[in-house]
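All residue numbers in this chain count up from 1 along the given sequence. Computed from a predicted model, the values in this text were never measured in an experiment.
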Amino acid sequence: MAQRTDRAEAFGQNLYIDTRGATGEPIPFTEAVVDGLAAGGGLYVPQELPSLSLEDIVALAKLPYAERAAAVYKAFNIDLPDEVIDELMGRAYGDNFDDAAICPITSLDENTHILELWHGPTSAFKDMALQCLPHFFSASAAQLRKKGELDHEFMILVATSGDTGKAALEGFKGVDGVSIGVLFPDGGVSDIQRKQMVTTTGDNVQVWAVRGNFDDCQTGVKRTFADETFAEKLLGEHAIALSSANSINWGRLLPQVVYYISSYAELVATGKIEAGREIDVCVPTGNFGNILAAWYAKQVGVPIDMLLCASNDNRVLTDFINTGTYDISDREFILTSSPSMDILVSSNLERQLFELTGRNAEAIRQWMVDLNERRCFRVDEETFCRVRENFSADSVDNVTCLATIRTVLDEYDYLLDPHTAVAFAAAQNLRGENPVLVASTAHWAKFGDNVYRALHGIEPHEALPAEVASLTGCELNRRIAEETGKRHIPAGLANLDEMQVRFTEVIDNDVEAIESATEAFLSR
């Protein structure tokens with residue numbers, strides 16, 4: 001573990017390398033954020049990680065959240081001045097969140113703590129990163145332009161399983177020098193999620209529904225990024241380069257590291273744990289970014305013991321952690337009650353394996369080739385042992401997910417969304433003696449149809465009663481609020497029926513369709 005860098009003596013020297021070793025010379029944070037994806041398809045990671053003492057971590061509780069985040073970014077020694085970091089964090093974490101704590105912790109009992117990551121403008125955990133990333137993206141681009149290293153604008157292209165899309169749209173709308181296009185699986189997101197995206201305001205935003213599932217969307221976007229001819233055409237004809245706001249961008253991941261560091265400080269400050277006591281962290285896991293952020297928090301000094309990986313019926317990650325084999329060669333893609341986790345190709349696992357192999361880029365390249373060509377890879381025994389030292393995993397089926405929502409409401413008077421219910425159920429199965437911090441990734445009202453099923457004992461794929469099915473998502477949420485007494489529905493969810501639908505186009509999931517749609521948007 002590298003010691004903390006002295007910013008006064010080595011400002012901006014924490015450079016970034018990529019997981020496949022194709023970038024060549026390491027690059028600074030500003031370039032890593034603007035590029036998003038490394039050449040050759042790899043993902044950026046910092047050369048060095050800071051080492052925070054327990055005292056450093058606990059002391060963060062004395063600061064408001066924006067200052068905690070700024071302190072962590074400075075510890076990572078990013079190549080932006082301290083005063084710029086302070087200003088950007090002040091913009092990222094303020095009145096745009098509906099709780100001054102930004103991500104408050106609710107304790108169900110003395111050893112089970114719910115980290116509420118959904119108090120931002122779109123009521124999902126993606127806001128924690130995507131209210132931050134656009135500010136740092138813009139500042140990074142401005143700094144590179146000032147140095148003469150950049151002479152174009154950007155198109156952010158995002159594939160979403162539901163929550164990232166709206167969070168990215170809200171974060172980037174109106175940002176100078178940036179356009180954003182979001183692709184979501186047609187029929188694969190909730191009514192509320194769809195309406196959130198297709199009603200987004202702003203002149204620099206575009207939304208497409210895509211025929212297929214999330215993996216089809218994500219694969220199409222990745223292949224678009226890898227198309228050098230298309231990249232040259234965008235630069236030549238539009239003076240625009242593609243970049244990403246998915247969790248493949250390090251600028252998405254670092255804000256997530258912040259909230260795990262901050263949460264430990266908060267648990268100590270509120271007397272819920274003693275300083276130095278280890279906790280386990282349970283995360284409902286799809287693309288592996290959220291749980292990877294907890295692993296990085298552990299590496300910099302947070303007393304985290306086990307990382308509990310919660311999967312739904314798409315249990316590819318659970319099977320990988322339990323066997324060392326990642327196999328999607330003959331795996332059915334299942335639509336579940338927790339749709340944001342309906343993912344088979346978990347992009348951030350590549351970063352995790354890079355770290356657990358001692359940063360062996362050659363091994364990562366071969367595994368990613370195997371995954372692309374054979375739809376399967378197996379890690380070596382030593383790497384698998386390291387996986388097992390850090391992670392345990394379980395999957396939770398649809399029936400158990402919905403039953404958990406009902407049980408937790410009855411026992412604790414607390415209403416979970418389906419994704420958090422998956423994490424809660426998995427935590428109960430996997431936990432040992434340590435207190436558990438459960439990452440709650442969305443407000444329940446984003447998934448009212450499945451919450452209603454849970455409350456009324458309706459099977460996961462059983463149709464809602466006709467009268468209930470005729471309700472809009474907003475109307476259904478109001479009914480649930482009346483039934484449960486959980487009357488706080490965030491304004492961004494409560495008012496969607498009154499918003500104008502702006503985007504209705506449905507496109508194919510292949511590279512040609514995505515590139516054609518992107519060009520049409522940029523040429524409008």
Side-chain angles (χ1 to χ4, degrees), residues 30-37 88 91-92 121-122 126-127 129-145 149-160 163-184 194 196-210 217-218 220-249 251-252 499-507 509 511-524:
T30 48
E31 287 187 38
V33 168
V34 165
D35 289 350
L37 189 68
L88 298 181
R91 286 193 229 159
T122 77
K126 305 298 175 69
D127 289 327
L130 284 165
Q131 287 296 297
C132 180
L133 170 60
H135 296 299
F136 281 86
F137 188 100
S138 182
S140 295
Q143 180 160 295
L144 293 172
R145 287 191 185 98
E149 298 174 7
L150 194 66
D151 60 357
H152 56 262
E153 295 187 346
F154 291 92
M155 171 73 182
I156 306 291
L157 208 56
V158 176
T160 183
D163 289 335
T164 293
K166 178 59 176 178
L169 290 163
E170 281 299 308
F172 278 99
K173 74 177 184 182
V175 172
D176 290 339
V178 180
S179 299
I180 179 168
V182 167
L183 303 95
F184 69 90
R194 182 187 64 81
Q196 281 188 298
M197 288 186 277
V198 301
T199 60
T200 303
T201 58
D203 294 333
N204 66 329
V205 305
Q206 175 67 44
V207 179
W208 299 282
V210 175
C217 292
Q218 181 167 248
V221 168
K222 282 184 175 180
R223 289 175 177 167
T224 300
F225 274 105
D227 186 343
E228 295 181 4
T229 301
F230 184 60
E232 291 172 3
K233 185 177 183 181
L234 287 184
L235 269 178
E237 297 182 9
H238 301 280
I240 284 176
L242 291 178
S243 191
S244 172
N246 279 87
S247 56
I248 56 176
N249 191 315
R252 265 282 304 277
M499 298 286 289
Q500 177 187 357
V501 173
R502 297 184 63 209
F503 306 106
T504 58
E505 187 177 2
V506 182
I507 65 173
N509 60 48
V511 173
E512 292 77 13
I514 294 172
E515 291 179 352
S516 176
T518 300
E519 273 209 273
F521 168 56
L522 294 174
S523 302
R524 70 200 189 287

Nearest heavy-atom pair of Phe137 and Ser243: which atoms, and what distance?
CE1-OG, 3.5 Å
Side chain to side chain donor-acceptor pair (under 3.5 Å) with Thr200: which of Lys166, Lys173, Glu170?
Lys166
Test side-chain contact (heavy atoms from CB on, under 4.5 Å) on Ser247 and Lys126 and set out the steps.
CA-CA 9 Å; Ser247 56; Lys126 305 298 175 69; over 6 Å; no
Quick check for you: to the nearest 0.5 Å, what is the distance between Thr30 atom OG1 and Asp35 atom CG?
9.5 Å
For residues Leu183 and Ile507, determine if any side-chain heavy atom of one lies less than 4.5 Å from a side-chain heavy atom of the other.
yes
Roughly how far, to the nearest 0.5 Å, is OG1 of Thr164 from CG of Asp127?
10.0 Å
Using the rule side chain to side chain contact (heavy atoms under 4.5 Å, CB included), only one of Val175, Val205, Leu157 pairs with Ile180; which is it?
Val205
For the residue pair Glu149 and Gln143, establish whether any side-chain heavy-atom pair is separated by less than 4.5 Å.
no
Write down the atom of Thr160, the atom of Met197, and the distance for their closest heavy-atom approach.
CG2-SD, 3.8 Å
Side chains of Val158 and Val221: does their closest heavy-atom pair fall under 4.5 Å?
no
Rounding to 0.5 Å, atoms CZ (Phe172) and CG (Leu133) come to a distance of 4.0 Å
If we only count heavy atoms from C-beta on, is the Gln131 to Pro121 side-chain gap below 4.5 Å?
yes
Using a 3.5 Å distance criterion without hydrogens, assess whether the side chain of Arg91 forms a donor-acceptor pair with backbone atoms of Cys132.
no
Quick one: pull up CG in Leu522 and CD1 in Ile240 and give me the separation to the nearest 0.5 Å.
4.5 Å
So, for Asn204 and Gly174, which heavy atoms are closest and what is the spacing to 0.1 Å?
OD1-N, 3.0 Å
Leu150 vs His152, side-chain contact (heavy atoms from CB on, under 4.5 Å): CA-CA, chis, key distance, verdict:
CA-CA 6 Å; Leu150 194 66; His152 56 262; 3.2 Å; yes
Rounding to 0.5 Å, atoms CG (Leu169) and CD1 (Ile156) come to a distance of 11.0 Å
Which heavy atom of Gln196 sits nearest to which heavy atom of Thr199, and what is that distance?
O-OG1, 3.5 Å
Please check if the side chain of Arg502 supplies one atom and the backbone of Val207 the other of a donor-acceptor pair under 3.5 Å.
no
Hey, could you give me the CD/CG distance between Glu519 and Leu234, rounded to the nearest 0.5 Å?
6.0 Å
Run the salt-bridge test on Lys233 and Glu515 with the 4.0 Å N-O cut-off and return the result as yes or no.
no
Minimum-distance pair of heavy atoms, taken over all atoms of Val34 and Ser140
CG2-CB, 3.9 Å
Taking C-beta and beyond as the side chain, do Thr518 and Phe230 meet within less than 4.5 Å on heavy atoms?
yes
Contact summary for Ala129 and Pro134, nearest pair of heavy atoms
O-CD, 4.5 Å
Between Asn249 and Ser244, do the side chains contain an N or O donor and an N or O acceptor separated by less than 3.5 Å?
no
Any side-chain heavy-atom pair from Arg524 and Gln206 closer than 4.5 angstrom?
no
